[in-house]
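What follows is a set of notes on a single structure, which appears directly below.
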Amino acid sequence: GVIMTQGAEIHVALSKRGALTHARRIIRECLTDGIKEYGYLTTRATIGDASVHRFLLRLGFISTITDEHMQHYRIDAVKIH
């Protein structure tokens, strides 16, 4: 998988189903570090992608706004264990 950041925006791409189990510690560290630096993090996903929406909710992101093509999310505290 890959974790990409630009300022307070973060994106996580996992290469296969179930990869979260193996990447959990790394994702938690990246989220924690980003939140410490910026106070929050944001991300976005294509509207209607239910599996990504569930993934983001499990990490602790909350849905904020929706534009024409994307659902936007924000996280203020890490919930992944």
Side-chain angles (χ1 to χ4, degrees):
V2 175
I3 298 174
M4 300 164 284
T5 62
Q6 182 174 1
E9 188 168 354
I10 188 167
H11 296 280
V12 177
L14 299 175
S15 56
K16 60 183 175 179
R17 192 169 226 137
L20 176 59
T21 302
H22 303 293
R24 191 175 304 266
R25 181 185 57 77
I26 296 167
I27 294 169
R28 183 177 49 244
E29 288 174 7
C30 288
L31 292 174
T32 300
D33 290 349
I35 292 168
K36 281 181 185 174
E37 184 171 354
Y38 298 103
Y40 68 95
L41 291 172
T42 64
T43 195
R44 59 189 174 202
T46 305
I47 292 173
D49 193 335
S51 63
V52 171
H53 178 75
R54 285 190 306 271
F55 171 72
L56 292 171
L57 294 179
R58 277 186 301 201
L59 293 176
F61 281 88
I62 58 168
S63 178
T64 56
I65 62 170
T66 304
D67 62 28
E68 190 175 335
H69 303 285
M70 304 297 281
Q71 178 65 49
H72 297 255
Y73 298 85
R74 177 183 171 111
I75 187 171
D76 298 312
V78 178
K79 294 182 182 176
I80 186 174
H81 301 291

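When reading the values below, keep in mind they use all heavy atoms of this one structure, side chains included, and skip hydrogens, waters and symmetry mates. On a predicted model such as this, the values are computed, not experimentally measured, just so you know.
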Q: Test side-chain hydrogen bond (donor to acceptor under 3.5 Å, both in side chains) on T42 and E9 and set out the steps.
A: CA-CA 5 Å; T42 64; E9 188 168 354; 4.9 Å; no

Would a hydrophobic clustering, with Ile, Leu, Val, Met, Phe, Trp and Tyr connected at side-chain separations under 4.5 Å, put [X] with [Y]?
| X | Y | result |
| --- | --- | --- |
| L41 | I26 | yes |
| F61 | Y40 | no |
| Y38 | I75 | yes |

Rounded to the nearest 0.5 Å, how far apart are [atom1] of [X] and [atom2] of [Y]?
| X | Y | atom1 | atom2 | answer |
| --- | --- | --- | --- | --- |
| L57 | S63 | CG | OG | 8.0 Å |
| I65 | R44 | CD1 | CZ | 10.5 Å |
| R25 | T32 | CZ | OG1 | 12.0 Å |

Q | Side chain proximity check, E37 to D33, heavy atoms < 4.5 angstrom | A | no

Q) Does the side-chain contact (heavy atoms from CB on, under 4.5 Å) test come out yes or no for I10 and C30, once each step is laid out? A) CA-CA 9 Å; I10 188 167; C30 288; 4.2 Å; yes

(Q) For a side-chain contact (heavy atoms from CB on, under 4.5 Å) check, start with the C-alpha distance between M70 and T46, then their side-chain angles and the critical distance, and finish with the verdict. (A) CA-CA 5 Å; M70 304 297 281; T46 305; 4.2 Å; yes

Q) Do you know which two heavy atoms are closest between A45 and L56, and how far apart they sit? A) CB-CD1, 4.4 Å

**Q.** Check: H72 main-chain N/O paired with T64 side-chain donor or acceptor under 3.5 Å
**A.** yes

Q: Please step through side-chain contact (heavy atoms from CB on, under 4.5 Å) for the pair L59 and Y73, ending with a clear verdict.
A: CA-CA 11 Å; L59 293 176; Y73 298 85; over 6 Å; no

